[in-house]
Amino acid sequence: MVGNGGRGWYAKVLAAALGVTAVAGLTSFWNAQLGAAEGRPDRGVAAPAAPSQGRKAAPVKAGIVHASDAGARGVNITIDDGPDPVWTPEVLQVLRDHGVKATFCMVGTQARAHPDLVKAVVAAGHRLCDHTVSHDVTMDHKSTAYQTDQIRDAERMITEASGGVRPLYYRAPGGAFTPSSRHLAASRGMRPLGWNIDSKDFERPGANAIVATVKNEISNGPTLLFHDAGGDRSQTVAALRELLPWLKEQGYSFGFPVR
């Protein structure tokens with residue numbers, strides 16, 4: 001998701017072609033972890049449960065989900081629009097420092113350009129979410145065929161970049177869901193994913209303002225929206241450094257959106 005102020009960046013997304021060194025050792029890691037793909041992940045296991053590339057994903061509900069699998073005091077951290085070679089590693093480090101898992105909603109072309117980062121996200125125990133090929137926030141006004149291509153092609157790009165781990169969720173850019181896009185995603189094992197608290201970090205209002213928005217709106221629901229791409233995300237990183245321990249102090253635990 002991104003606001004009007006950040007949409008211009010996505011004209012450049014399709015030109016993304018840079019790659020960096022692949023993360024070593026992931027093959028043996030995933031061979032060990034994918035055996036739990038059909039059930040709820042153990043909180044002590046680093047890798048998220050996810051179907052392998054060669055296995056057909058089971059359909060899920062088509063309703064837009066907000067709830068957390070961590071229960072009534074659970075929150076879901078969701079990170080949109082990456083991966084980005086500068087800011088995704090920064091976000092991953094903050095999450096690692098605080099022992100928090102998140103859901104990364106990835107743009108297909110970004111995933112294809114930076115497969116090492118997709119693998120790093122997966123290896124750290126986070127989950128993947130399909131955020132379409134090109135982040136078209138007007139796609140709800142486009143044809144069903146166009147929406148289908150955006151969702152299915154991004155799913156393929158993300159799965160290939162991850163080394164075979166499919167996205168478990170689908171988030172429409174800017175919330176541009178349609179009944180057909182929701183049902184298509186659900187039929188492919190990706191639960192439509194909404195949000196309750198928009199941190200507005202894409203506007204770059206300052207880290208203090210981002211923190212204040214989340215603190216003031218935390219009663220709105222469990223799913224929080226941040227970004228790791230689309231511009232300078234230093235404010236997001238700084239805000240997460242303050243918010244993650246604050247949420248723990250308030251008695252919240254961190255989970256994933258229910259499926």
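Contact check for F226 versus V91: no side-chain heavy atoms found under the 4.5 Å cut-off. Using a 4.5 Å heavy-atom threshold, the side chains of Q235 and D201 count as separate. Within the 4.5 Å cutoff, side-chain heavy atoms of V237 are placed close to those of W87. Two residues are said to be in side-chain contact when any heavy atoms from C-beta on lie closer than 4.5 Å; L168 and C129 fail this criterion. The shortest distance between side-chain heavy atoms of M139 and T132 falls below 4.5 Å. At least one side-chain heavy atom of R96 sits under 4.5 Å from a side-chain heavy atom of L92. Between C105 and I79, every side-chain heavy-atom pair lies at or beyond the 4.5 Å cut-off. At least one side-chain heavy atom of M106 sits less than 4.5 Å from a side-chain heavy atom of P83.
Closest heavy-atom contact between A57 and G189: CB-CA, 4.0 Å. Across every non-hydrogen atom of A207 and A238, the tightest pair is CB-CB, 3.8 Å. Shown here for K119 and E160, the closest heavy-atom pair between the two residues is NZ-O, 4.5 Å. Here the shortest heavy-atom pairing between A67 and P222 reads CA-CG, 4.0 Å. Closest heavy-atom contact between A111 and A161: O-CB, 3.3 Å. A239 and I210 make their closest contact through CB-CG2, 3.6 Å (heavy atoms, listed as atom of the first residue, atom of the second, distance).
Not one N or O on the side chain of Q110 forms a donor-acceptor pair closer than 3.5 Å with the backbone of D84. A donor-acceptor contact shorter than 3.5 Å links the side chain of D69 to the backbone of F256. With hydrogens and angles ignored, the 3.5 Å screen pairs a side-chain donor or acceptor of N196 with a backbone N or O of T223. Using modelled atom types, one side-chain atom of Q150 and one backbone atom of V133 make a donor-acceptor pair closer than 3.5 Å. Side-chain atoms of T88 do not come within 3.5 Å of backbone N or O of P85 as any donor-acceptor pair. Without hydrogens or angle criteria, Y170 side chain to L193 main chain gives no donor-acceptor distance under 3.5 Å. Panel note: side chain K200, backbone A209; no donor-acceptor pair is recorded below 3.5 Å. Under the 3.5 Å distance criterion, the side-chain polar atoms of H126 are matched with a main-chain donor or acceptor of A102.
For the pair R204 and D232, the salt-bridge criterion is not met [side-chain N within less than 4.0 Å of a carboxylate O]. We find that K215 and E242 are joined by a salt bridge, their nearest charged nitrogen and carboxylate oxygen being less than 4.0 Å apart. Residues D80 and R171 are paired through a salt bridge, judged by an N-O separation under 4.0 Å between the basic side chain and the carboxylate. Residues R233 and E90 are not paired through a salt bridge, judged by the lack of any N-O separation under 4.0 Å between the basic side chain and the carboxylate.
No path of Ile, Leu, Val, Met, Phe, Trp and Tyr side chains, each step under 4.5 Å between heavy atoms, connects Y146 with M157, placing them in separate hydrophobic clusters. Note: the hydrophobic cluster containing F177 does not contain V258 (ILVMFWY, side chain heavy atoms under 4.5 Å, direct or indirect links). Residues V60 and W195 do not share a hydrophobic cluster, clusters being chains of Ile/Leu/Val/Met/Phe/Trp/Tyr side chains in contact below 4.5 Å.
A donor-acceptor contact under 3.5 angstrom links the side chains of S181 and T178, judged on distance only. Between the side chains of D136 and T138, at least one donor N or O sits under 3.5 Å from an acceptor N or O. Using modelled atom types, one finds no donor on one side chain facing an acceptor on the other under 3.5 Å when comparing N76 with T78.
Note: T144 OG1 to L184 CG = 9.5 Å, rounded to the nearest 0.5 Å. If you take OG on S180 and CD1 on I151, they are separated by 7.5 Å, rounding to the nearest 0.5 Å. From D130, atom CG reaches atom CG of D153 across 9.5 Å, with rounding to the nearest 0.5 Å. One finds the CG atom of D97 at 4.5 Å from the CD atom of Q93 (value rounded to the nearest 0.5 Å). With values rounded to the nearest 0.5 angstrom, Q250 atom CD is found 9.0 Å from I218 atom CD1. How far CG of D228 is from CG of D81: 7.0 Å, rounded to the nearest 0.5 Å.
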(message) Let's go through K101 and F254 carefully: what are the C-alpha distance in whole Å and the side-chain angles of both, what is the deciding distance for side-chain contact (heavy atoms from CB on, under 4.5 Å) to 0.1 Å, and is it a yes or a no?
(response) CA-CA 7 Å; K101 305 304 180 189; F254 298 90; over 6 Å; no
(request) Go through S134 and T109 one step at a time and tell me if the side-chain contact (heavy atoms from CB on, under 4.5 Å) criterion holds. (result) CA-CA 7 Å; S134 58; T109 50; 5.8 Å; no
(request) Mind running side-chain contact (heavy atoms from CB on, under 4.5 Å) on S199 and V214 for me, showing each step along the way? (result) CA-CA 6 Å; S199 70; V214 173; 4.1 Å; yes
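Figure legend: cation-pi geometry between R73 and Y252, with NZ or CZ positioned under 6.0 Å from the six-membered ring centre and within 45° of its axis.
Among the candidates R127, M190, K61, the single residue satisfying the side chain to side chain contact (heavy atoms under 4.5 Å, CB included) test with R259 is R127.
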